[in-house]
Amino acid sequence: MQILQVYTCLDQIQYIEWSSDSLFILCAMYKRGIVQVWSLEQPDWHCKIDEGSAGLVASCWSPDGRHILNTTEFHLRITVWSLCTKSVSYIKYPKACQQGVAFTKDGRYMAVAERRDCKDFISIFVCSNWQLLRHFDTETQDLFGIEWAPNGCVLAAWDTCLEYKVLLYSLDGRLLSSYRAYEWPLGVKSIAWSPSSQFLAIGSFDEKVRILNHVTWKKITEFDHPATVASKKTIVYKEVEKSPTVDTERFSFSPSRTLDSSLFSTKSKYDISQVPVSLQYIKPVADRANPKVGVGMLAFSADNCFLATKNDNIPNAVWIWDIRKLKLSVVLEQLCTIHYFQWDPCQPRLAVCTGTSRVYLWSPAGCVVVQVPGEGDFQIMSLSWHCSGDSMVLVSKDNFCVCYLEGEEVK
Amino acid sequence: MGDWKSVTVPLVSSDLKHILSYTSERKRSSTSMNSQVLHLPLPLSKNMHSFYSAFCTEDNIEQSISYIDRNCVRLIQLLIYFFSPPPPCFYQELTTLGFPSIYAESKGKELNLVSIINCMNDLLILQHKNLRAQEEAEMQHMKLGSDMDHLQNCYAKLKDQLELSKREIVGLQERDRQLQSKNRNLHQLLKNEKDEVQKLQNIISSRATQYNHDMKRKEREYNKLKERLHQLVMNKKDKKLAMEVLNYVGRADGKRGAWRTDKTEARNEEEMYKVLLSDYEQRQKQLLLENAELKKVLQQMKKDIISLLPPQKQKPKERSEDGLVLSDQEEDIGELNKENMWELSCETVREQLTNSIRKQWRMLKNHVEKLDNQVSRGHSGALNEKDVISREDHELETEKLELEIQQCKEMIKTQQQLLQQQLTCDDDTTLLLQDCYLLEERERLQEEWRLFREQKKNFEKERKSFTEAAIRLGLERKAFEEDRGAWLKQQFLTMTADCKQSENVTTPSAFLRGSDPDIRLVRSASRQRKPPSVLSASVAAESCQTSQYIAQNSVASEKPAADNMPNLWVESDDKEETEECTKSWEDSGVGTLLCRNLHMEQLP
């Protein structure tokens with residue numbers, strides 16, 4: 001890994017993003033309200049966008065890699081800066097919500113959540129010339145997020161957690177369907193589209209995932225996350241610490257690195273637990289907002305066959321569901337709380353990190369614990385796969401490392 | 001048994017009295033009898049023995065005998081009464097009892113030993129009998145007593161049981177009451193809980209609305225602040241340039257930016273709809289593929305199911321109808337198996353397919369059930385296949401019958417309708433119908449009349465023309481005759497002048513030359529019919545003339561006659577004549593030729 005370029009920004013960078021064609025890098029400094037753009041091809045080229053007293057809360061690239069969308073403070077407006085022309089566009093009344101701006105996968109359309117006069121609206125813009133295509137109101141109390149289906153034809157919008165409501169809009173603004181599982185308890189926590197746009201998985205605060213199908217937009221199944229796994233057909237992999245063997249003494253002559261690693265980091269491996277297994281369950285605090293209850297993380301595998309979920313009540317476990325059979329396939333029980341997981345963009349392979357120096361990989365063939373070799377504690381907070389699926393970046397607080405996966409050749 | 005009076009018998013000795021009173025006491029207390037009866041004979045006998053020994057001594061033999069004689073009656077009566085059903089009359093002489101008197105009959109006060117012994121014997125026998133009866137009575141008494149005891153015991157036990165069960169019932173009732181009250185309590189609790197839940201839900205909803213309201217209020221305030229801020233920000237904005245770029249970058253796709261116009265808007269819309277449409281089309285294609293695959297699978301399944309049901313085809317003739325049904329189904333199946341049917345996705349084809357599969361599946365199920373039944377019956381050992389009608393056969397039969405019933409009903413309905421139409425036809429309608437026919441006929445007749453009249457007119461015209469022609473003909477004939485007469489005269493005159501000249505004078509009639517031998521014949525024949533005025537040696541010319549003349553004559557001769565007749569005649573005659581003429585001439589084969597000649601003659 002060789003350093004290609006070093007760019008110096010004016011202030012502390014809060015957010016950094018590559019443009020879609022990998023030619024430019026966006027660096028946003030929220031405190032100063034400045035966005036700086038660097039070019040890879042021409043290191044001398046520079047661009048600075050100053051929001052001034054409007055302030056900056058969020059910044060991102062447009063899908064064509066030539067426009068920058070800045071959200072000003074208090075979500076007053078979204079300014080669209082163009083790198084090609086000097087034109088500026090404003091989008092007024094954007095909604096201050098978790099996922100207020102969504103781009104279609106092909107980058108043609110952008111959906112923005114708006115709120116005027118205490119009512120929620122969605123505007124759909126054409127990304128090529130930022131023309132308003134559709135503007136319609138939604139039947140939500142407080143729109144929480146929007147997300148396009150991968151086929152770019154359906155937009156899912158869901159309400160705040162106080163109301164369980166998921167609305168599905170067509171590209172031309174028609175309401176296709178509205179889904180509501182129950183009325184009073186806390187509602188939607190997370191949503192994920194399957195890559196084929198066939199399924200929409202809705203994780204909610206009642207520890208269940210409900211899956212809607214794209215033909216009727218009705219629930220086809222719901223997955224429950226109880227603390228006891230009783231099904232005979234589920235494999236439960238439990239991470240077990242490997243006690244340091246006596247053999248380490250024999251390796252006293254080995255390079256110090258391994259010795260250090262064996263001293264400072266405990267090894268672990270996976271064991272298959274016998275069903276029924278009771279998982280570690282944490283009872284949430286009752287009187288706090290945004291309780292750690294419910295299904296907080298959802299991800300479909302790239303081949304549409306698996307769905308990985310995490311129930312925040314049971315923070316050490318990853319549940320992997322087989323979508324073809326609509327059943328629980330595997331439960332990975334880790335020693336520590338799961339921070340993040342991500343599917344390989346090419347294969348059904350899941351990488352999980354729990355804040356330890358180990359990354360856990362699961363595939364239908366089995367699962368493995370990968371130790372990050374190194375001195376000291378490398379606490380992996382997040383990870384990110386390379387789009388080819390051959391390597392991934394493991395990020396800790398101060399460091400990062402790249403993990404290469406060797407593919408086995410079938411002879 | 002009658003009431004027992006204590007018999008007071010004057011006794012000689014107190015012992016006897018005792019005995020008597022003893023016996024009477026015995027009678028009164030039946031219970032004591034049992035215990036005492038047994039003992040009685042022995043002491044009695046002993047007592048009696050000792051008593052009788054005491055009773056009769058050598059001194060008072062006579063007295064005792066008389067006493068016995070006197071009291072015997074009463075004693076015997078008592079004994080009899082005790083031990084056997086009493087005779088109706090209480091006072092009876094010993095003699096009447098059948099005992100001979102103790103005293104000798106004829107010997108006064110002398111004792112009859114025989115009779116005494118007999119009496120004694122009788123008494124003993126009686127005594128035995130009485131004892132036996134007594135024993136029996138005692139036995140019965142005992143039995144009855146024991147029965148009574150037994151019954152009393154039973155009664156006591158039953159009473160205890162009754163008491164027990166009554167207590168149990170009371171206990172159970174008590175428990176039941178308790179449970180019911182518990183149940184009621186629980187129901188009440190449940191209702192309370194439900195009410196509470198409802199209340200809480202109401203509270204939640206009311207609080208939610210309240211929060212929403214407050215949120216909206218705060219939001220509006222916030223919006224106002226934002227607006228204000230926005231204004232301030234916008235005002236400050238024109239101070240500095242917000243974006244500094246070294247140079248502008250080309251667009252990602254290399255094209256130039258376009259102005260935002262209506263055209264672009266329209267294009268955007270178009271693009272959007274294209275995207276949507278392509279998505280739908282793709283989905284539809286996928287669904288079609290899926291459908292086709294599923295249909296294939298269903299067809300295969302159907303085939304498999306049919307192949308699994310061979311035994312049905314070999315059913316006996318009774319089920320031939322089912323077989324027919326099967327064959328019909330198979331025909332349908334055969335039709336549906338055509339490939340092009342798969343392409344169709346219309347409702348009927350789909351329904352057909354699913355219905356046929358359901359039918360086959362049902363048949364298979366029934367078949368399997370039948371097999372199961374057979375197996376189970378085989379296990380149990382009874383195989384009565386003939387008696388058992390499998391469900392599937394039954395179902396088929398019922399379906400068939402239902403169909404038949406429906407068809408019959410429909411037929412009946414239609415028949416009824418037709419019948420009604422026929423019978424309950426109104427008079428008006430019949431009249432109308434009749435009138436219809438009459439009208440038809442009338443119209444037909446009218447048509448015919450019209451034709452008839454037309455023809456009549458035509459015939460009239462023809463007749464007129466014919467009459468005219470005939471008149472003309474007549475006139476011409478007259479003229480011709482005159483000419484001929486004149487000419488003949490001349491000829492005659494010339495002939496007489498030149499008698500030697502026997503030349504064949506050829507008349508100007510050219511047609512003679514080309515005449516047939518028939519004509520010659522005719523001429524020759526007609527020659528004989530020449531009118532007396534005509535006399536010529538010339539053969540050909542005259543003959544033809546005469547033939548002509550005959551024709552004319554025939555016409556002319558009849559003409560004057562015809563003229564006198566009314567029109568009808570004329571018409572018909574003309575017709576006939578012309579017909580005849582034509583006929584005759586035609587027959588000879590010269591009809592047309594001569595007619596032409598005729599006309600030619602007429603012309604000048």
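A, B, ... follow the sequence lines: proteins, then strands. Residue 1 opens every chain.
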Of all heavy-atom pairs linking B:E219 and A:C118, the shortest is OE2-CA, 3.7 Å
Are more than 12 heavy atoms, taken from residues, nucleotides or ligands other than B:D214, located less than 6.0 Å from that residue's CG atom? yes
Contact part of B:S205 toward chain A, heavy-atom cut-off under 4.5 Å: side chain, backbone, both or neither? both
Against chain B, work out which of A:E183, A:E51, A:Q141, A:E163 has the most heavy-atom pairs shorter than 4.5 Å and name it. A:Q141
Chain B heavy atoms under 4.5 Å from A:R108: which part of the residue, side chain, backbone, both or neither? side chain
For a quick test of your reading: what N or O donor-acceptor pairs under 3.5 Å do the side chains of residues 187-204 of chain B make, sequence neighbours left out?
residue	atom	partner	partner atom	Å
B:N192	ND2	B:Q188	O	3.3
B:N202	ND2	B:Q198	O	3.4

So what's closer than 4.5 Å to chain A heavy atoms on B:Y211: side chain, backbone, both or neither? neither
If we define contacts as heavy-atom pairs under 4.5 Å, which of A:D106, A:I49, A:L83 has the most with chain B? A:L83
Minimum-distance pair of heavy atoms, taken over all atoms of A:D172 and B:Y273: OD2-CE2, 3.7 Å
At a heavy-atom separation under 4.5 Å, does A:S82 approach chain B through its side chain, its backbone, both, or neither? backbone
Answer with side chain, backbone, both or neither: which region of B:L225 has an atom nearer than 4.5 Å to a non-hydrogen atom of chain A? neither
Return yes when atom CG of B:D304 has more than 12 non-hydrogen atoms of other residues, nucleotides or ligands closer than 6.0 Å, and no otherwise. yes
Top contributor to chain A interface from B:E265, B:Q282, B:R220, B:E227 [non-hydrogen pairs under 4.5 Å]: B:E265
A:H214 and B:R283, any side-chain heavy atoms less than 4.5 Å apart: yes
What's the separation between atom NE2 in A:H75 and atom NZ in B:K226, rounded to the nearest 0.5 Å? 8.0 Å
Which atom names give the shortest non-hydrogen contact between A:F74 and B:Y222, and what distance separates them? O-OH, 3.5 Å
Inspect the surroundings of CD in B:Q284 and state if more than 12 heavy atoms from other residues, nucleotides or ligands are less than 6.0 Å away. no
Rounded to the nearest 0.5 Å, the CG atom of A:D142 sits from the NZ atom of B:K216 at a distance of 10.0 Å
When rounded to the nearest 0.5 Å, the distance separating OG of A:S128 from CZ of B:R267 is 8.0 Å
At a heavy-atom separation under 4.5 Å, does A:W184 approach chain B through its side chain, its backbone, both, or neither? side chain
Could you tell me which non-hydrogen atom of B:D279 sits nearest to which non-hydrogen atom of A:C153, and how far apart they are? CB-SG, 3.1 Å
How long is the straight-line distance from CD1 of A:I124 back to CG of B:N268, given to the nearest 0.5 Å? 12.0 Å
Nearest atoms (heavy-atom pairs only) where B:L276 meets A:L171: CD2-CB, 3.6 Å
Between B:T264 and A:Q131, does a side chain to side chain contact (heavy atoms under 4.5 Å, CB included) hold up when you go through it step by step? CA-CA 9 Å; B:T264 52; A:Q131 249 185 323; 3.2 Å; yes
Let me see the working for B:E269 and A:R134 under salt bridge (charged side-chain N to carboxylate O under 4.0 Å, His left out), right down to the final yes or no. CA-CA 9 Å; B:E269 294 269 322; A:R134 285 283 189 275; 2.6 Å; yes
Within the 4.5 Å heavy-atom criterion, are A:V126 and B:E271 side-chain neighbours or not? no
Tell me, yes or no, whether the heavy-atom count around A:M29 atom CE, taken from other residues, nucleotides or ligands under 6.0 Å, exceeds 12. yes
